[in-house]
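See below for the structure under consideration.
Numbering starts at 1 and runs along the sequence shown. Values below: every heavy atom of this structure, side chains too, minus hydrogens, waters and symmetry copies. As the structure is a prediction and not an experimental result, all values here were calculated from the model.
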Amino acid sequence: MRSLLFVPGDSERKLEKAFASGADVLLIDLEDSVAPQNKAAARVAAAKYSVEHRAAAKALIYFRVNDFSSGLLDEDLRSVTAARPDGIMLPKTAGLTDVERLSARLRVAEAEHDLPDGSVRILPIISETAAGVFGASTYGRGHERLAGVTWGAEDLSAAIGARATRDEAGHYTEVFRLARSLTLLAATDAQVAAIDTVFVDFRYPEGLRRECLEAERDGFTGKMAIHPDQVPIINEAFTPSPEAVAEARAVVEAFAAAGNPGVVGIGGRMYDRPHLKRAERLLARSGQALSSD
């Protein structure tokens, strides 16, 4: 999952553009981008569109449902599970317990719609409340439905009363850097994908590119998008370069040829087991990118 594109569930025009965007994952939104009076119609229309156009889409289909406190989650699940989604994005997740609660409801919905048990994955947004940030450590227990973890800054800023998420230079302020870092560590602990949050200024591609490269450097494996024009930039940034793939393959092959010791030498440089693990992860990402393109 390199690029995950949000698209409002109540706009057929935007759904059409999203399905042709080249994103790895379409996040069909029933939450923030849909007005309260449109939510009932949006869940029906989005599910119907997904069913009718699924065959032409190369992307995985996820639905962002409304959170547990909204009172809308059960109706969302009833509608979207009929569309046989690949996954559900759960907003305002307070910890792994919320993933477990959603999993129990999905098990019922899967049975009702003749889907294999456990087939619908879960991608939680883990930083939109203070409780969510504090709950980051719980994801290390793992869950079979957990597809990854991601974070968001805007809802957290509203929750804590911050006037802005970034400083004058465009960098996240301390509390949002903390949320970002905890998301990365939570994903690592759970051994799932770490997905970076959106870059909201979709008319500033250089800013997006810089943020993608920084996220990939730090260990994130993908990034969410709010506009189709952002997708190619994200895909490029999170696809390992041929040079990086060649170097990683050389490391893996050197360890294998030496009988998997603790340390090997390549071209006068020493590589130890952490280098091997990093190389294996990069090759896995490269294979996933090739299968998505």
May I have the step-by-step check of side-chain contact (heavy atoms from CB on, under 4.5 Å) for Val175 and Ile160, ending in yes or no? CA-CA 10 Å; Val175 68; Ile160 66 177; 3.8 Å; yes
**Request:** Take Arg78 and Glu75 through the test salt bridge (Lys or Arg N to Asp or Glu O under 4.0 Å) and record every step on the way to the result.
**Result:** CA-CA 5 Å; Arg78 272 192 283 271; Glu75 285 296 327; 2.7 Å; yes
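A salt bridge is defined here as a Lys NZ or Arg NE, NH1 or NH2 lying under 4.0 Å from an Asp or Glu carboxylate O, and Arg209 with Glu206 meets this definition. The pair Asp218-Arg180 meets the salt-bridge criterion, since a charged nitrogen lies less than 4.0 angstrom from a carboxylate oxygen.
Contact of the Ile195 side chain with the Thr221 side chain is registered, since non-hydrogen atoms from C-beta on lie closer than 4.5 Å. Put simply, the side chain of Phe176 reaches to within 4.5 Å of the side chain of Ser157, judged on heavy atoms. Looking only at side-chain heavy atoms (C-beta outward), Arg278 and Tyr271 stay at 4.5 Å or farther from each other. Side chains of His171 and Thr165 form no contact here, defined as non-hydrogen atoms less than 4.5 Å apart. Side-chain contact between His143 and Glu100 is present, with heavy atoms from C-beta onward closer than 4.5 Å. When side chains are defined from C-beta on, Asn235 counts as touching Asp24, because their heavy atoms get closer than 4.5 Å. Two residues are said to be in side-chain contact when any heavy atoms from C-beta on lie closer than 4.5 Å; Val80 and Leu30 meet this criterion. By the 4.5 Å heavy-atom criterion applied to side chains, Ile234 and Val231 are not counted as neighbours.
Among residues two or more places apart in sequence or in another chain, the side-chain contact (heavy atoms from CB on, under 4.5 Å) test is passed with Ala104 by none.
Membership of an apolar cluster is not assigned to Leu72, as no side-chain contact below 4.5 Å to another ILVMFWY residue is traced.
Separation of the Tyr49 and Phe19 ring centroids falls under the 6.0 Å cut-off.
The side-chain hydrogen bond (donor to acceptor under 3.5 Å, both in side chains) contacts involving residues 195-204 comprise Trp151-Asp196, Asp196-Lys223, where partners must be two or more places apart or lie in separate chains. Counting only residues at least two apart or in different chains, side-chain hydrogen bond (donor to acceptor under 3.5 Å, both in side chains) contacts with residues 57-67 comprise Asp29-Arg64, Glu31-Arg64, Lys39-Asn66, Asn66-Asp76, Asp67-Ser69.
The minimum heavy-atom distance linking Ala258 with Val264 is given by the pair CB-CG1, 4.0 Å. Shown here for Ala46 and Phe63, the closest heavy-atom pair between the two residues is CB-CE2, 3.9 Å. Of all non-hydrogen atoms in Ala237 and Cys212, the two that sit nearest each other are CB-CB, 3.5 Å.
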Pairs under 3.5 angstrom only: tabulate donor-acceptor contacts from the side chains of residues 181-189 to other protein residues two or more places apart or in another chain.
{"from": "Ser181", "atom 1": "OG", "to": "Arg177", "atom 2": "O", "distance (Å)": "3.0"}
{"from": "Thr183", "atom 1": "OG1", "to": "Ala179", "atom 2": "O", "distance (Å)": "2.9"}
{"from": "Thr188", "atom 1": "OG1", "to": "Leu184", "atom 2": "O", "distance (Å)": "2.9"}

Please list every donor-acceptor pair under 3.5 Å in which a side-chain atom of residues 120-134 meets a protein atom from a residue at least two apart or in another chain.
{"from": "Arg121", "atom 1": "NE", "to": "Arg145", "atom 2": "O", "distance (Å)": "3.1"}
{"from": "Arg121", "atom 1": "NH2", "to": "Leu146", "atom 2": "O", "distance (Å)": "2.8"}
{"from": "Ser127", "atom 1": "OG", "to": "Gly152", "atom 2": "N", "distance (Å)": "2.9"}
{"from": "Ser127", "atom 1": "OG", "to": "Gly152", "atom 2": "O", "distance (Å)": "3.0"}
{"from": "Glu128", "atom 1": "OE1", "to": "Lys92", "atom 2": "N", "distance (Å)": "2.7"}
{"from": "Thr129", "atom 1": "OG1", "to": "Gly132", "atom 2": "N", "distance (Å)": "3.0"}

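For the residue pair Asp167 / Thr173, no side-chain donor-acceptor distance below 3.5 Å is found, with atom types taken as modelled. A donor atom on one side chain and an acceptor atom on the other are found under 3.5 Å apart for Thr239 and Arg2.
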